Amino acid sequence: MPLNVYNTLTRRKEPFEPIHPGKVGIYVCGPTVYGHSHLGHAKSYVGFDAIIRWLEFSGYAVNYVQNITDVGHLTDDADEGEDKVTKEARRRGLHPMAIAETYTRSYLDDMDAMNIRRPDVMPRATGHIPEQIACVQTLLDKGHAYEVNGAVYFDVSSFSRYGRLSRRIVEDMDAGARVEVNPDKKHPSDFALWKRAEEGHIMRWSSPWSVGYPGWHVECSVMSQKYLGETFDIHGGGIENQFPHHECEIAQGECATGKPFCRYWLHNNMCTINGQKMGKSLGNFVLLKELFYTGHDLLEKTFEPVVVKHFVLTSNYGAPLDFSNDALKAAESGSYKLRDAARELSRAALSGSPKPRAEKIRTALEDIEKRFTDAMNEDFNTAAALAVLFDLAKQSGAWISEGAGQEDLLAADTLMQRLTGDALGLKWPSPLGGDAESSNQDDLIRLLADLRDQARKNKDFALSDQIRDRLASMGVQLRDTPDGTKW
RNA sequence: GGCGGCGUACCCAAGUGGACUAAGGGGACGGAUUGCAAAUCCGUUAUACAUGGGUUCGAAUCCCAUCGCCGCCUCCA
């Protein structure tokens, strides 16, 4: 079955066909680095991680570009004109570039913790000012933009397809519903390509029009086309940016080159917390570092990054997702169950007995892989794919207890690793941290487990429980099974 | 006010016209196993898909209305 993706441009699922066979160029809107990453970032980038990984798993050579926005954002609708990076810089008495650097690293730390594949290119807006100026100049030259007092605006009336992505009709929109209309603009829908810097604005560059800074939308058009070509395969981003940001990207990109901008638009949906929109003023704003490490008032406990990733994958990237303590706890139990089954399988595969392969297991594994593949090929249905993994976990447990041969167990183990580790990027840390395989941790635990078993045989349950409890406090869970003690 | 999306069991959630007698995870309950745990295994847990109409031989899936929730509505989120 071929890969089908839901394309916002056409509002339907369609077969995915890359421009160049075997290769995929994908651009995903990255974060604005003025603060630590929050739940919304986890939802968004876990979703796109699954997409990137699945494209690679399917054999495509993927070129993944994700920008870092380090200039040019309003603080909020009510707050006139100051950019968020600059505001944070002033608050902390640092240069804006130090703020951008700090939070770029913070973002990458959080994403790495969830084992999210890093982009191949992470271009920064401030590192592409000349390219943005060139793009603005091209748009002026082609009659798609006009200059007023050192600012340059895109002329929406010059691009008839404006509004096609978000299905909006320019005339029908209630201009000024949220923000005062700028009197310099010919039409309220026109948007800024370049702005003149006011007195005291730190982030400023020379341009043919003024000393100023670029409009937000232009960076994405320029950087995506620079690294992926004038027309590329996939553009991803949050659904809240569908309008106006993505609409503007298309307008700029297509007017500058005269070519289609991007073929498939994939939009990630939003998340809520306890059913409510997350907002700083609502007091329900949860940072990933709080979720992972330090805790938050709305949550009973912290959750491992892999658990958070698992939770996000239980719903579709295009559907909204509600974070709550209960939902995260459920995902945690599920994630650990899958983790333990996978570990059990790896261990069993190492010590399995030599036997000819069983047809039953061979066909079962083929069936698992097919169902998983079908699920992911249907617009990256990670929830259905996870269900298949739970089935593999259940079946492999039965094979182990039936005494399946080593070859079969190795085949099952390999499939489990490929689907959990490669396709979904679920990576559970080893119990004591570090790399369990390369140390003698396992041997030490074995030693303690053996000593405990001797104590149990002697009915010295005080000692055996003490060993179990102390290992548990270090993160090692001992379990007595009919086949001996495991962890 | 306009546009778009969503509403599936106690919770999360997949499924978008017939293979649905509605995945999967969590939780709960019963049983097996067990020194106790934990884990595992077996079984039970939606005649039902927000509500009300309609289309169809057939609808969770399509149409209309209502209710609820979410996002966007213009410029530098």
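For clarity, every value in this text was computed on a predicted model and none was experimentally measured. So that the names make sense, note that chain A is the first sequence line, chain B the second, and so on, each numbered from 1.
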Please classify the nucleic acid contact of [X] as base, sugar-phosphate, or nothing, using heavy-atom distances under 4.0 Å.
X	answer
A:Ser464	base
A:Arg196	nothing
A:Lys337	sugar-phosphate
A:His217	base
A:Lys329	nothing
A:Phe311	sugar-phosphate
A:Leu328	nothing
A:Asp340	nothing

Atom [atom1], compared across [N] and [M]: separation rounded to whole Å:
N	M	atom1	value
B:U8	B:G25	C1'	15 Å
B:A60	B:A50	P	10 Å
B:A32	B:A38	P	16 Å
B:C73	B:C12	P	28 Å
B:U45	B:A22	C1'	15 Å
B:G17	B:C62	C1'	7 Å
B:U16	B:C49	C1'	12 Å
B:U56	B:C10	C1'	35 Å

task: Return the 5'-most residue of the pair A:Trp194, A:Ser333 with respect to RNA chain B, ranking by each residue's nearest nucleotide.
output: A:Ser333
- line: Taking for A:Ala327 and for A:Asp391 the nucleotide of RNA chain B with the nearest heavy atom, the one nearer the 5' end belongs to A:Ala327
field: Spacing of NE2 belonging to A:His128 relative to CD belonging to A:Glu219, to within rounding of 0.5 Å
entry: 10.0 Å
- prompt: Could A:Lys186 and A:Tyr153 be counted as a cation-pi pair, given that NZ or CZ must be under 6.0 Å from the ring centre and within 45° of the axis?
  reply: no
- prompt: Does the ring centre of A:Tyr162 sit less than 6.0 Å away from the ring centre of A:Phe154?
  reply: no
message: Centroid separation under 6.0 Å, is that true for the rings of A:Phe191 and A:His217?
response: yes
- prompt: For A:Phe390 and B:G24, are the ring centres under 5.5 Å apart with planes inclined under 30°?
  reply: no
query: With no angle test and no hydrogens, is the base of B:A37 tied to the side chain of A:Arg468 by a donor-acceptor pair under 3.5 Å?
result: yes
field: B:G35 base / A:Asp465 side chain donor-acceptor hit below 3.5 Å
entry: yes
Under a 3.5 Å cut-off for both contacts, is [N] paired Watson-Crick or G-U wobble with anything, and if yes, with which nucleotide?
N	result
B:U47	none
B:G24	B:C12
B:C36	none

- prompt: Under 4.0 Å between a Lys/Arg side-chain N and an Asp/Glu carboxylate O for A:Lys329 and A:Glu300?
  reply: yes
- request: Taking only the side-chain heavy atoms of A:Ala330 (C-beta and beyond), determine which of B:G35, B:G25, B:C36 contains the nearest atom.
  value: B:G25
Report all interatomic pairs (protein N or O, nucleotide N or O of nucleotides 13-21 of chain B) with separations under 3.5 Å.
| from | atom 1 | to | atom 2 | distance (Å) |
| --- | --- | --- | --- | --- |
| B:A13 | O2' | A:Thr314 | O | 3.2 |
| B:A14 | OP1 | A:Asn316 | N | 3.0 |
| B:A14 | O3' | A:Asn381 | ND2 | 3.0 |
| B:A14 | O2' | A:Asn381 | ND2 | 3.4 |
| B:G15 | OP1 | A:Asn381 | ND2 | 3.1 |

